[in-house]
Every structure is written in C-alpha cells, then in structure tokens.
Amino acid sequence: MPDDLLSPDEINALLAGGGDFGDSDEISDSDSEQLAKVADTFANAENSVINMLAGKNVTTNVSAPQVMTQEEFTAKFSDLPFIFSSTFGGFDDRPLSLVVEQKGALTLADLMMGGGGTQLPEPSDLYWNASQEGLSQVVGSAFTSLAGLLGGRRLMPENTTSALAEDNWVAIAVEPADKKLWISPVNVSIDGLTPFNIWTCLTLDTALDISSAMKDALEGKKPQPQASSSPMGGGGIMGGGRQSTGPAVDVRPAAFQPLGGGSAGGAPSPIDLIADIPVRVTVELGKARKSVSEILALTAGAVVELDKMAGEPVDILVNGKLIAHGEVVVIDENFGVRITDIVPGGTAKAAS
C-alpha cells in the first residue's frame with residue numbers, strides 16, 4: 001500500500017473529528033484537545049491580522065493537524081514556499097515556522113505595500129521583507145493569545161527570519177530532516193482574491209510540551225480541595241450538603257489595629273518605598289504617520305516631516321505617560337530639555 005494512503009484507523013479518526021493523523025499513538029486525546037486550541041489560536045491571529053491589512057472579509061479554515069517528519073512535509077510541495085521562522089521567547093526559545101505558499105506571501109506583501117492583492121508583484125527582497133512584517137504581526141498576535149492559555153506566561157517572538165525556500169529545504173532549519181513535526185494547515189480566503197495556505201509548524205516535542213503546560217495551567221485554576229477539618233467538611237455544601245464530622249473549629253472575626261492618620265514610628269511613605277525605582281524619561285519632538293511603502297522608500301538624506309511646528313514645546317514622557325512640556329536646550333555639548341509647564345494630572349505633578 002502506498003505510504004500516502006490513510007489507514008482505516010486514521011480515516012475513522014478524521015470522521016470522528018480527531019485532531020491528528022499519522023503517529024496518532026504519540027498524541028493522546030487530551031493532547032489533541034489542547035493542540036486544537038493552539039491551531040485555532042494561530043488561525044484566529046491570521047484572520048485578524050490579514051483582515052486588518054486587506055480591509056476585506058477574511059475566512060480561515062483549519063484542517064486536521066498532522067504529524068510527520070520534515071522530509072515528508074517537504075515532499076508534499078511542488079513549488080518552493082516562503083518560510084517565516086521564529087523562536088518562543090519565554091518558552092525555552094523553542095523553534096516555530098510558518099510555511100506559506102508563494103502566492104500567499106506575495107499577497108500579504110502587496111497588502112502590506114498598500115496594494116489590493118489582485119495583481120501580485122514579482123518576487124523580490126523588498127516584498128519578502130514586507131511579507132515577513134505581516135507574518136511577524138501574526139505570530140505576535142498568536143503569542144499574546146497563547147500566553148493566556150499557558151496561565152499568563154510571557155511570550156515574545158524572537159530571532160525572526162524569513163526567506164523563500166531553496167532546494168532541499170525543511171520547515172525548521174535548526175532540526176534534522178527526520179525530525180517529527182506537528183503541523184496545523186490553515187486555508188486563508190480573502191474576498192475577491194485567490195485563497196492560499198499557511199502551515200504552522202512546531203517540533204512534535206515542542207507541541208507536546210505546550211499541551212502539557214496548557215494542562216498545568218488549567219490545573220492551577222481549579223480550587224484546591226479543603227481539609228476535612230474545615231467548617232464545610234470534605235464535601236461541603238457543593239459536595240452534597242454533608243455535615244462536618246471533624247473537630248470543632250474556633251471561628252472569630254479578624255481583629256485589626258486602628259489605622260492612624262500618619263506613618264507611625266517614622267515608617268516610610270508610599271513614595272519613599274518606590275523612590276529608588278528607575279523610570280524611563282523620553283522627550284518626543286514629534287510624530288509622523290507613514291505607510292510601509294513610504295518607510296521602505298526612505299534613503300539616507302530623506303526628510304521626515306513631523307506633526308509639530310518649529311518652536312512648539314516638546315513632550316516629556318515618563319514610562320510613556322505625558323507629564324510635562326518643555327523646550328530643547330544645549331548644555332555644553334549635550335542636548336537637554338527645560339520644563340516649561342506640567343501637564344495637569346501628570347506623574348510629575350502628582351509626585352510633587
């Protein structure tokens with residue numbers, strides 16, 4: 001029997017809505033359930049980002065995730081795809097790749113460059129870079145959602161690279177050709193444009209570790225069982241209304257010392273407690289809004305016009321919060337800023 005035919009068990013799994021095929025013994029039902037959420041997370045990120053870029057209705061259809069080796073995955077392609085690679089910053093720097101059909105990558109690039117995606121450009125580094133930016137937004141959005149499934153773990157895409165695949169390519173370049181992958185295929189359909197496919201690729205061990213971390217996060221949200229000596233007993237009201245058979249517990253209201261009007265005994269004030277914490281002070285000369293195509297067209301000597309008139313006060317921000325306005329001065333050979341007024345409600349006024 002040819003290797004590319006599905007076995008009866010695999011067919012039954014697909015008909016039953018199973019989330020994987022091939023090496024199904026390596027992914028349990030509970031892992032499949034968690035990894036289906038990962039697949040949906042990336043599909044939703046692709047939908048929202050591409051919808052924002054295209055300004056049109058976008059539909060993303062998730063097919064059953066697959067497990068296969070890198071070389072088996074490569075063998076399914078007749079044309080060289082575009083590969084966006086990243087690592088999971090915050091999850092042991094595990095590798096991740098998005099494999100995109102060429103037409104899909106060029107569609108994304110044209111949308112990023114302000115086009116409508118109807119006339120695809122000729123492949124070039126300029127358009128590949130634009131496509132990388134779009135896929136970077138997809139991964140960033142997916143990581144934000146995935147962090148919630150992992151119990152609030154802070155995730156960030158790092159070490160991002162992209163390129164059109166070359167001969168003898170593999171989805172995850174840092175892994176050997178016989179490395180097993182967990183692959184989630186998504187078909188992206190944009191109104192009026194040719195549909196294309198994106199494959200989210202993780203190594204199988206990374207996928208299983210993510211599933212395990214997701215299950216651990218779910219366990220952490222479950223209330224801990226109370227001790228049998230508690231007033232509610234082992235079952236409590238929610239356990240069927242059984243009365244406690246444990247020893248009596250002395251229960252009384254908590255007693256607190258009355259609050260005084262000041263800091264007793266010379267205790268530090270709240271401001272004193274945080275006085276040594278460093279903050280970032282930024283002076284903002286002005287802003288400009290440009291399209292991706294305008295940014296890519298910038299060269300040495302180009303002038304970017306800002307939204308402020310010459311002589312207008314500059315903005316002074318602390319950790320991104322506007323606190324004051326000022327004027328730029330020169331102190332010896334360094335720039336400085338002289339504060340001219342404090343913004344009402346700003347941090348500087350509140351701390352004074």
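In this view, Glu327 and Arg338 satisfy the salt bridge (Lys or Arg N to Asp or Glu O under 4.0 Å) rule, not counting sequence neighbours. Evaluation of the side-chain hydrogen bond (donor to acceptor under 3.5 Å, both in side chains) rule for Glu294 yields Ser291 as partners, not counting sequence neighbours. With sequence neighbours left out, the salt bridge (Lys or Arg N to Asp or Glu O under 4.0 Å) criterion links Arg154 to no other residue. Evaluation of the salt bridge (Lys or Arg N to Asp or Glu O under 4.0 Å) rule for Asp209 yields Arg94 as partners, not counting sequence neighbours. In this structure Phe88 satisfies the ring pair (Phe, Tyr, Trp, His ring centres under 6.0 Å) test together with Phe143, sequence neighbours excluded. With sequence neighbours left out, Asp31 forms a salt bridge (Lys or Arg N to Asp or Glu O under 4.0 Å) with Lys215.
Leu181 places a side-chain heavy atom less than 4.5 Å from the side chain of Thr203. Counting only heavy atoms from C-beta outward, the side chains of Phe91 and Leu146 never approach each other to under 4.5 Å. The closest side-chain heavy-atom distance from Ile183 to Cys201 is below 4.5 Å. For the pair Phe84 and Val100, the minimum side-chain heavy-atom distance is 4.5 Å or more. Residues Ile323 and Val343 fail the side-chain proximity criterion, which asks for heavy atoms closer than 4.5 Å. Put simply, the side chain of Thr194 does not reach to within 4.5 Å of the side chain of Thr107, judged on heavy atoms. By the 4.5 Å heavy-atom criterion applied to side chains, Asp205 and Lys179 are counted as neighbours. With a 4.5 Å cut-off on side-chain heavy atoms, Thr206 and Trp182 do not count as touching.
Across Ile190 and Ala54, no two heavy atoms sit closer than the pair CG2-CB, 4.0 Å. Here the closest non-hydrogen pair linking Phe73 and Phe77 is O-CD1, 3.3 Å. Across all their heavy atoms, Ala213 and Arg153 have their closest contact at CB-NH2, 4.2 Å. Between Val62 and Ser184, the shortest heavy-atom contact is CG1-OG, 4.0 Å. Summarising the geometry of Ile339 relative to Ala324, their closest heavy-atom pair is CG2-CB, 4.1 Å, with the distance given to 0.1 Å.
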Tell me which donor-acceptor pairs under 3.5 Å the side chains of residues 37-53 have, and how far apart each pair is, sequence neighbours excluded?
{"from": "Thr41", "atom 1": "OG1", "to": "Lys37", "atom 2": "O", "distance (Å)": "2.8"}
{"from": "Asn44", "atom 1": "ND2", "to": "Asp40", "atom 2": "O", "distance (Å)": "3.1"}
{"from": "Asn47", "atom 1": "ND2", "to": "Val58", "atom 2": "O", "distance (Å)": "3.0"}
{"from": "Asn47", "atom 1": "ND2", "to": "Thr60", "atom 2": "OG1", "distance (Å)": "3.4"}
{"from": "Ser48", "atom 1": "OG", "to": "Asn44", "atom 2": "O", "distance (Å)": "3.2"}
{"from": "Ser48", "atom 1": "OG", "to": "Ala45", "atom 2": "O", "distance (Å)": "3.1"}
{"from": "Asn51", "atom 1": "ND2", "to": "Lys56", "atom 2": "O", "distance (Å)": "2.9"}

Donor-acceptor list for residues 155-176 side chains, cut-off 3.5 Å, not counting sequence neighbours:
{"from": "Asn159", "atom 1": "ND2", "to": "Thr87", "atom 2": "OG1", "distance (Å)": "3.0"}
{"from": "Ser162", "atom 1": "OG", "to": "Gln132", "atom 2": "OE1", "distance (Å)": "2.5"}

Using a 3.5 Å cut-off and no angle test, enumerate the donor-acceptor pairs between side-chain atoms of residues 303-314 and protein atoms at least two apart in sequence or in another chain.
{"from": "Asp307", "atom 1": "OD1", "to": "Lys287", "atom 2": "N", "distance (Å)": "2.9"}
{"from": "Lys308", "atom 1": "NZ", "to": "Pro313", "atom 2": "O", "distance (Å)": "2.9"}
{"from": "Lys308", "atom 1": "NZ", "to": "Asp315", "atom 2": "OD1", "distance (Å)": "3.2"}
{"from": "Lys308", "atom 1": "NZ", "to": "Asp315", "atom 2": "OD2", "distance (Å)": "3.4"}
{"from": "Glu312", "atom 1": "OE2", "to": "Met309", "atom 2": "N", "distance (Å)": "2.7"}

N/O donor-acceptor pairs under 3.5 Å from side chains in residues 110-119, not counting sequence neighbours:
{"from": "Asp110", "atom 1": "OD2", "to": "Gly116", "atom 2": "N", "distance (Å)": "3.4"}
{"from": "Asp110", "atom 1": "OD2", "to": "Gly117", "atom 2": "N", "distance (Å)": "2.7"}

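Here CG of Asp216 is found 10.0 Å from CG of Leu150. Values are rounded to the nearest 0.5 Å. The NZ atom of Lys76 sits 6.0 Å away from atom CD of Gln66, with the distance rounded to the nearest 0.5 Å. Note that OG1 of Thr340 and CD1 of Ile316 are 7.0 Å apart. Values are rounded to the nearest 0.5 Å. Note that the NE2 atom of His325 and the CD atom of Glu284 stand 11.0 Å from one another [nearest 0.5 Å]. Rounding to the nearest 0.5 Å gives a distance of 5.0 Å between CG of Asn197 and CG of Asn187.
Dense packing is recorded around CG of Asp341, with more than 12 heavy atoms of other residues, nucleotides or ligands lying under 6.0 Å away.
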Working for side-chain contact (heavy atoms from CB on, under 4.5 Å), residues Glu101 and Trp199: CA-CA 9 Å; Glu101 289 179 305; Trp199 293 265; 3.9 Å; yes
Worked check of side-chain contact (heavy atoms from CB on, under 4.5 Å) between Ile27 and Leu204: CA-CA 9 Å; Ile27 298 185; Leu204 179 57; 3.9 Å; yes
Chi angles and distances behind the side-chain contact (heavy atoms from CB on, under 4.5 Å) call for Leu80, Gln102: CA-CA 7 Å; Leu80 295 175; Gln102 269 198 55; 4.3 Å; yes
CA sep, side-chain torsions, deciding dist, call: Thr200, Leu98, side-chain contact (heavy atoms from CB on, under 4.5 Å): CA-CA 5 Å; Thr200 301; Leu98 296 184; 3.5 Å; yes
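A donor-acceptor pair is defined here as one N or O able to donate and one able to accept, closer than 3.5 Å; such a pair exists between the side chain of Thr74 and the backbone of Gln70. No donor-acceptor pair closer than 3.5 Å links the side chain of Ser131 to the backbone N or O of Leu108.
Hydrophobic cluster membership for Val329: Ile331 (Ile, Leu, Val, Met, Phe, Trp, Tyr linked by side-chain heavy atoms under 4.5 Å, directly or transitively).
Counting only residues at least two apart or in different chains, ring pair (Phe, Tyr, Trp, His ring centres under 6.0 Å) contacts with residues 111-134 comprise Phe82-Trp128.
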